[in-house]
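To start, the structure under review is shown below, and the notes come after it.
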Amino acid sequence: MLVSWNATNACNLSCRHCYRDAGRKLAGELDTAEAVNLIDEIARVGFKILIFSGGEPLLRPDIYELVRYAASRGLRPVFGTNGTLITGGVAVKLKKAGAAAVGISLDSTNPSRHDRFRGTVGAWHAAVEGMKACRSAGLPFQVHTTVMEWNCREVEELTDLAVELGATAHHVFFLVPTGRAANLEEESLRAAQYEQLLSRLVKKQEEVPIEIKPTCAPQFMRIAFRMGKKPRYRKGCLAGTAYCLVTPEGDVQPCAYLNVRVGSIREVPFSRLWKENPVFLRLRSEEYGGRCGRCAYRRACGGCRARAYFYHGDYMAEEPWCLYEARAAGEGGP
């Protein structure tokens with residue numbers, strides 16, 4: 001179980017696909033005391049991993065204090081960052097504070113292509129330097145890639161680069177059209193490309209010593225099973241079942257890309273929202289519509305609930321980026 005907290009809306013980049021439309025710090029962001037209370041609530045529910053993300057989480061002045069506190073509560077503090085602010089000193093401070101791992105974004109092997117996507121010249125080189133700083137400090141890091149039509153043919157090369165740089169994993173994020181990414185919907189992969197890339201990733205996993213994990217691509221579970229592989233993950237889409245997100249202002253939603261407000265931790269304790277909120281309970285029912293409801297893989301996959309919401313207006317509708325058509329009930333499932 002894991003929670004992602006957008007620790008701040010402030011960011012030093014202008015990424016084209018940012019789901020938060022990040023840039024400036026918001027006036028109503030959680031203060032240190034509220035953040036400590038949130039960490040207490042997350043630990044109380046039984047979550048194991050707290051992802052500090054943003055915006056750019058390293059722009060938050062109290063970030064080391066909060067990492068230290070999360071670690072003291074038995075949580076595994078990890079980061080989702082653009083990596084450009086990680087110097088040797090920052091990497092050492094993160095490790096000393098108790099950070100367990102850092103995820104750093106890298107979307108191309110070509111620096112200029114990455115920089116265009118991230119909206120800042122020099123972002124690629126700064127991110128790679130951040131990775132090298134983590135490696136020198138003994139702080140595990142992984143590479144995060146958002147895949148679209150323009151970079152889908154170089155994903156395996158990015159995996160090789162991740163291995164070369166010393167990463168522990170390569171997580172491949174499949175675009176969900178929300179935030180700024182809503183303007184990129186036409187550039188996102190379509191179902192056939194989506195399935196082909198997932199099959200390529202299953203094969204690539206056999207060639208490299210690091211983990212390859214597709215994210216926001218729950219059909220990976222079905223494809224892996226049908227190729228005779230058994231993923232180590234329990235389920236494809238975790239939204240509202242083993243994962244949720246807290247915004248900089250304390251609003252809770254089922255995942256980073258499913259922009260449905262469940263409630264505010266300033267009004268209702270996080271632990272109550274997680275246990276009792278009707279949105280979470282509906283997601284846990286697994287009573288999906290359309291093809292997802294008929295699919296033999298519905299419990300292993302779950303379909304992308306955020307994509308269902310974007311295209312159908314209902315987060316329990318069928319996943320629109322799936323080619324699989326269920327046959328007889330129970331046939332073909334894991």
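Heavy atoms only: backbone and side chains are in, while hydrogens, waters and symmetry mates are out. All residue numbers refer to positions in the sequence shown, counting from 1.
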Item to check | salt_bridge(Glu65, Arg68) N-O dist < 4.0 Å | outcome: no

Checklist outcome for this item: Nearest heavy-atom contact between Ala127 and Asn82 is CB-O, 3.6 Å

Checklist entry - Distance from Leu50 atom CG to Leu2 atom CG, nearest 0.5 Å? => result 9.5 Å

Checklist entry - Backbone N or O of Thr109 within a donor-acceptor pair of the Glu154 side chain at under 3.5 Å? => result yes

Checklist entry - Given the rule in the side-chain contact (heavy atoms from CB on, under 4.5 Å) test, do Phe173 and His144 qualify, once you have shown the distances and angles that lead to the verdict? => result CA-CA 7 Å; Phe173 289 74; His144 290 175; 3.6 Å; yes

Checklist entry - Does Thr8 reach the side chain of Pro248, with side-chain heavy atoms less than 4.5 Å apart? => result no

Checklist entry - Which atom pair, heavy atoms only, marks the closest approach of Glu29 to Ala7? => result OE1-O, 4.0 Å

Item to check | Arg60 (side chain) donor-acceptor with Gly54 (main chain) under 3.5 angstrom | outcome: no

Next on the checklist: Determine whether Arg266 and Leu30 satisfy the following criterion, side-chain contact (heavy atoms from CB on, under 4.5 Å), listing intermediate values before the conclusion.
Outcome noted: CA-CA 9 Å; Arg266 285 173 165 156; Leu30 299 180; 3.8 Å; yes

Item to check | Closest approach of Pro254 to Leu283 (non-hydrogen atoms, all atoms of both residues) | outcome: CB-CD1, 3.6 Å

Checklist entry - Between Phe47 and Trp274, what is the ring plane arrangement, given parallel below 30°, perpendicular above 60°, and tilted in between? => result perpendicular

Checklist entry - Hey, what do you get for CZ (Arg76) to NZ (Lys48), rounding to the nearest 0.5 Å? => result 13.0 Å

Item to check | ILVMFWY cluster, Val92 and Phe141 together (side-chain gap under 4.5 Å) | outcome: no

Next on the checklist: Measuring only between side-chain heavy atoms, which start at C-beta, is Tyr288 closer than 4.5 Å to Arg305?
Outcome noted: yes

Item to check | Residues Lys203 and Glu156 bridged, charged N to O under 4.0 Å | outcome: no

Item to check | Flag, side chain of Glu195 to backbone of Phe220, donor-acceptor distance under 3.5 Å | outcome: no

Checklist entry - Taking the six-membered ring for Trp, are Trp321 and Phe174 ring centroids under 6.0 Å apart? => result no

Item to check | Closest heavy-atom pair and its distance - Cys292, Glu318 | outcome: SG-CA, 3.7 Å

Next on the checklist: If I compare all heavy atoms of Glu319 with all of Gln219, which pair ends up nearest, and what's the gap?
Outcome noted: CG-NE2, 2.9 Å

Next on the checklist: Would Arg44 pass as a cation-pi partner of Phe270, given that its NZ or CZ must be under 6.0 Å from the six-membered ring centre and within 45 degrees of the axis?
Outcome noted: no

Next on the checklist: Main chain of Gly55, side chain of Asn9: is a donor-acceptor contact present, judged purely on distance under 3.5 Å?
Outcome noted: no

Next on the checklist: Checking the side chain of Arg222 only, and the main-chain atoms of Ala296 only, is there a donor and an acceptor separated by less than 3.5 Å?
Outcome noted: no

Checklist entry - Would Thr84 and Asn12 count as having a side-chain donor-acceptor pair, cut-off 3.5 Å? => result yes

Checklist entry - Do Arg116 and Ser108 have side-chain heavy atoms sitting under 4.5 Å apart? => result no

Item to check | Candidates Val45, Val268, Val246, Val279 - the one meeting side chain to side chain contact (heavy atoms under 4.5 Å, CB included) with Leu273 | outcome: Val268

Checklist entry - Between the side chain of Arg118 and the main-chain N/O of Ser105, is any donor-acceptor distance below 3.5 Å? => result no

Checklist entry - Any link between Met227 and Val172 through a network of hydrophobic side chains (Ile, Leu, Val, Met, Phe, Trp, Tyr) touching at under 4.5 Å? => result yes

Item to check | Any side-chain donor near an acceptor of the partner, Thr145 and Asp107, under 3.5 Å | outcome: no

Item to check | Leu26 reachable from Leu59 in the ILVMFWY side-chain graph, under 4.5 Å edges | outcome: no

Next on the checklist: If hydrophobic clusters are built from ILVMFWY residues whose side chains come within less than 4.5 Å, do Phe225 and Tyr194 share one?
Outcome noted: yes

Next on the checklist: Does Met131 form a side-chain contact (heavy atoms from CB on, under 4.5 Å) with Leu106? I'd like the steps, not just the answer.
Outcome noted: CA-CA 10 Å; Met131 295 178 197; Leu106 202 67; 4.0 Å; yes

Checklist entry - Going by atom types alone, do Thr81 and Glu56 pair a side-chain donor with an acceptor below 3.5 Å? => result yes

Item to check | Worked check of side-chain contact (heavy atoms from CB on, under 4.5 Å) between Ile265 and Asn37 | outcome: CA-CA 9 Å; Ile265 66 165; Asn37 181 65; 5.7 Å; no

Checklist entry - Would you call Val128 and Leu161 a side-chain contact if the rule is heavy atoms closer than 4.5 Å? => result no

Item to check | Test: Arg73 and Asp40 ion pair at under 4.0 Å | outcome: yes

Checklist entry - Would Thr247 and Gln253 count as having a side-chain donor-acceptor pair, cut-off 3.5 Å? => result no

Next on the checklist: Counting C-beta onward and ignoring hydrogens, is there a side-chain heavy-atom pair between Cys304 and Pro218 closer than 4.5 Å?
Outcome noted: yes

Checklist entry - Are any non-hydrogen side-chain atoms of Val90 and Leu85 less than 4.5 angstrom apart? => result no

Item to check | From Phe52, Tyr64, Trp5, residue fulfilling ring pair (Phe, Tyr, Trp, His ring centres under 6.0 Å) relative to Phe79 | outcome: Phe52

Checklist entry - Would you say the side-chain atoms of Asn151 pair up with the backbone N or O of Thr146, donor to acceptor, closer than 3.5 Å? => result yes

Item to check | Met1 reachable from Leu75 in the ILVMFWY side-chain graph, under 4.5 Å edges | outcome: yes

Item to check | For the student: nearest non-hydrogen atoms of Ser264 and Asp251, plus distance | outcome: CB-OD1, 3.5 Å

Item to check | Within 6.0 Å of CD in Glu287, more than 12 heavy atoms from elsewhere | outcome: no

Item to check | Side-chain touch Thr241/Lys235, heavy atoms, less than 4.5 angstrom | outcome: yes

Checklist entry - Is there a donor-acceptor contact under 3.5 Å from the side chain of Lys95 to the main chain of Gly138? => result yes

Item to check | Heavy-atom side-chain contact between Arg284 and Leu281 under 4.5 Å | outcome: yes

Next on the checklist: Nearest 0.5 Å, please: how far is CG in Leu245 from CG in Asn6?
Outcome noted: 4.5 Å

Item to check | More than 12 heavy atoms of other groups within 6.0 Å of Lys25 NZ | outcome: no

Checklist entry - What do you reckon, is CZ of Arg282 surrounded by more than 12 foreign heavy atoms closer than 6.0 Å? => result yes

Next on the checklist: For Lys93, I'd like to know if atom NZ has over 12 heavy atoms of other residues, nucleotides or ligands within 6.0 Å.
Outcome noted: no

